[in-house]
Amino acid sequence: MPELPEVETTRRDLADRISGRTVTGVCFVAGGVSPARELGPDEFTDALVGRRIERLTRRGKYLVMHFADGGVLVLHRRMSGNLLLREPGATLDPYTRATISLDDGRELRWTDLRRFGTWRLADTPEQAIPQMGPEPLEDAWRADDLAAALKDRRAPVKAALLDQRRVAGLGNIYADESLHLARIHPRRPAGSLAPDELQRLHQAIRAVLNRALDLRGSTSSTYMDGMGERGTMQDEWRVYHRTGAPCAECGTLITRLVVAGRGTHICLKCQPPPGGTDERA
DNA sequence: CGTTACCTGAAA
DNA sequence: TTTCAGGTAACG
């Protein structure tokens, strides 16, 4: 899915453009699973129409639309969801599953090829968002916090990075990219990292996420920002989706393996396997 | 802990 | 035809 940088890019694109607008209509495209799983389309529409959008925030990979009455609409894009703001009469976007009409005539469109994305209405964000770890781009997040989150864990460090309860917002792309930048093998037990490795990983996560934010995220197939444009971070991927291509650091060909059930991309020379044993794809 | 399920393709 | 897919929840 869109990970932290992609969700934050969308938030920045849309926040000022939809703040102050009132919802005038909601339409769910018929057929298939609706993003609003908990309420029927009519009920959901009734619950949204007439409410004024006050601001748009983000927590991990969740987008939160705050209404003037204090309630929230919490969106999660999962694998292929996008939230686009379109002008009146704009041509239809592929895989549009739902639309929210605004009082300036513009329309928010929810596109989602795989239909995994979810919308939840709640009184507060906490009601709709599960417990989640710290935001890695906040100043308050230090190497010590990462160390504490990984301490005593025997799970592969990559699995720990993908666990939103330890750090919020990392997904498969930026976990792989961060581990390569930090020169750490994804199968290393999380609790086995030395202090200097934790330091490097902490710094790498920040560097990778900040660079991705500068480049407005990564687009490989379905991701788009709030205006429907592509990000360009994919042009700087070090390992992700680069199986068989040379590592920019040492020229070794990038290997693909499966860790924590996810496709994982590494340079075996830059990221030596744990235990000295040979590791293959 | 790892695996499966959810859904619909796109790419090999 | 088969594999892979940016995420999570549920299951064993």
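To find a chain, count down the sequence lines: A is the first, B the second, and so on, and within it residues start at 1.
- Residues that satisfy the side-chain contact (heavy atoms from CB on, under 4.5 Å) test with A:Leu193, not counting sequence neighbours, are A:Leu150, A:Val157, A:Ile184, A:Arg188, A:Glu197, A:Leu198, A:Leu201.
- Residue A:Gly171 is in sugar-phosphate contact alone, with no base atom involved, counting any heavy-atom pair closer than 4.0 Å across all strands shown.
- A gap of 15 Å separates the P atoms of B:dC7 and C:dC11, to the nearest Å.
- Of the candidates C:dG7, C:dA5, B:dG9, C:dG7 carries the atom nearest the A:Glu3 side chain, counting heavy atoms from C-beta on.
- Within 6.0 Å of atom CD in A:Glu54, more than 12 heavy atoms from other residues, nucleotides or ligands are found, so the atom counts as buried in its surroundings.
- Counting to the nearest Å, the P atom of C:dT8 and the CD atom of A:Gln131 are 15 Å from each other.
- Across the protein-nucleic acid pair, A:Tyr62 atom OH and C:dA9 atom C1' stand 10 Å apart, rounded to whole Å.
- Formation of a donor-acceptor pair under 3.5 Å by the A:Arg86 side chain with backbone atoms of A:Met227 is found in this model.
- At whole-Å resolution of the value, CZ in A:Arg262 and P in C:dA9 are 13 Å apart.
- Between A:Trp119 and A:Phe28, the distance separating the two ring centers is shorter than 6.0 angstrom.
- A:Ser218 comes within contact range of at least one nucleobase, with a heavy-atom separation under 4.0 Å.
- In the interface, the side chain of A:Arg114 is paired with the base of B:dC7 through a donor and an acceptor atom under 3.5 Å apart.
- With sequence neighbours excluded, no residue forms a ring pair (Phe, Tyr, Trp, His ring centres under 6.0 Å) with A:His180.
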If you write DNA chain C from 5' to 3' in dot-bracket form, with Watson-Crick or G-U pairs under 3.5 Å, [ ] for crossing pairs and | for pairs with another strand, what do you get?
-> |||||.||||||
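- The distance between atom CZ of A:Arg166 and atom P of B:dC1, rounded to the nearest whole Å, is 7 Å.
- The distance from atom OH of A:Tyr240 to atom C1' of C:dG7 is 11 Å, rounded to the nearest whole Å.
- Scanning for salt bridge (charged side-chain N to carboxylate O under 4.0 Å, His left out) contacts around A:Arg183 gives an empty result, with sequence neighbours left out.
- Distances shown here put every side-chain N or O of A:Gln164 at or beyond 4.0 Å from the OP1 or OP2 atom of C:dG7.
- Taking every heavy atom of residues 145-162 of chain A and every atom of DNA chain C, no pair lies under 4.0 Å.
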For A:Asp176 and A:Arg262, what are the C-alpha separation, side-chain angles and deciding distance, and is it a salt bridge (charged side-chain N to carboxylate O under 4.0 Å, His left out)?
-> CA-CA 10 Å; A:Asp176 278 9; A:Arg262 315 293 305 277; over 6 Å; no
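- A salt bridge does not link A:Glu229 with A:Arg216: every distance from a Lys NZ or Arg NE/NH1/NH2 to an Asp or Glu carboxylate oxygen is 4.0 Å or more.
- Proximity of A:Val167 to A:Trp141: side-chain heavy atoms (C-beta onward) are separated by under 4.5 Å at one or more points.
- Atom CG of A:Leu75 is separated from atom C1' of C:dG7 by 15 Å (rounded to the nearest Å).
- The side chain of A:His76 sits closest to C:dT8 out of B:dC6, C:dT8, C:dA5.
- Distance, A:Arg37 CZ to C:dG7 C1': 12 Å, rounded to whole Å.
- A close approach under 4.0 Å does occur between a side-chain nitrogen or oxygen of A:Arg256 and OP1 or OP2 of C:dA5.
- Going from the C1' atom of B:dC6 to that of C:dT1 covers 23 Å, rounded to whole Å.
- One P atom belongs to B:dT3, the other to C:dC4, and the distance between them is 14 Å to the nearest Å.
- The ring of A:Phe116 lies on top of the base of B:dC6, close enough and flat enough: under 5.5 Å between centres, under 30° between planes.
- Checking the phosphate oxygens (OP1, OP2) of C:dT8, no side-chain nitrogen or oxygen of A:Arg77 falls inside 4.0 Å.
- Atom CZ of A:Arg97 and atom C1' of B:dC7 are 9 Å apart (whole Å).
- Across the interface with DNA chain B, nearest-nucleotide mapping of A:Tyr95 and A:Val33 shows A:Val33 to be the residue nearer the 5′ end.
- With respect to A:Arg142 and A:Asp145, no salt bridge is recorded, no charged nitrogen being found less than 4.0 Å from a carboxylate O.
- For the salt bridge (charged side-chain N to carboxylate O under 4.0 Å, His left out) condition, the pairs that include at least one residue of residues 231-248 of chain A, sequence neighbours left out, are A:Arg211-A:Glu236, A:Arg238-A:Glu249.
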